[in-house]
Engineer: 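Dropping a structure here in structure tokens format, bear with me for questions.
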Amino acid sequence: GNVGSRAAVRLAPLTNFDIALAKSFKLPFERQRLQLRAEAFNAFNHANFRNPSLDASSPSTFGQYTIDAGPRVMQFGLRYEF
């Protein structure tokens, strides 16, 4: 069978912090609110590397990371509830 194909390399742990802030404001009309949101994914912009090169025929790049999980992403939103 295909022995040893699972968990060939132990990778560094992923570190990811997502942060969200929200503030709701009551409007003077009956049961209506306005919500302002700010969200940050990977808020501290920690580099999470993945997919190391495991090609044994290329020793100059063996074990090097070529891809990361992406930079910080921020989004803002305004929500009207009625």
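Small disclaimer: the values here were computed from a predicted structure and weren't measured.
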Engineer: Closest approach of I19 and A43, non-hydrogen atoms and distance?
Structural biologist: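 Here I19 and A43 meet closest at CD1-CB, 3.6 Å.
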Engineer: Are F76 and L36 in one and the same hydrophobic cluster, where Ile, Leu, Val, Met, Phe, Trp and Tyr link if side-chain heavy atoms are under 4.5 Å apart?
Structural biologist: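 The answer is no; the residues belong to distinct hydrophobic clusters.
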Engineer: Is the number of heavy atoms from other residues, nucleotides or ligands within 6.0 Å of CZ (F17) greater than 12?
Structural biologist: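 No, because the 6.0 Å sphere around CZ of F17 holds 12 heavy atoms or fewer from other groups.
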Engineer: Might you point out which heavy atoms bring R37 and A22 nearest each other, and give the distance in Å?
Structural biologist: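 R37 and A22 have their closest heavy atoms at NH1-CB, 3.7 Å.
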Engineer: Show the nearest heavy-atom pair for residues N16 and N42, with the distance to one decimal.
Structural biologist: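 Between these two residues, the closest heavy atoms are OD1-CA, 3.2 Å.
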Engineer: When you measure from the side chain of N48 to the backbone N and O of T15, does any donor-acceptor pair fall under 3.5 Å?
Structural biologist: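 Checked: pair present.
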Engineer: Per the side chain to side chain donor-acceptor pair (under 3.5 Å) rule, what does the pair list look like for residues 69-82, sequence neighbours excluded?
Structural biologist: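 Residue pairs passing side chain to side chain donor-acceptor pair (under 3.5 Å), neighbours aside: Q32-Y80, R33-E81, E39-Q75, R79-E81.
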Engineer: So which residues get pulled into I67's cluster when ILVMFWY side chains under 4.5 Å apart are joined, directly or through others?
Structural biologist: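 So far as hydrophobic clustering goes, I67 is joined with none.
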Engineer: Start with the C-alpha gap between L78 and L34, add the side-chain angles, then the distance that decides, and say whether side-chain contact (heavy atoms from CB on, under 4.5 Å) holds.
Structural biologist: CA-CA 7 Å; L78 185 63; L34 194 64; 3.9 Å; yes
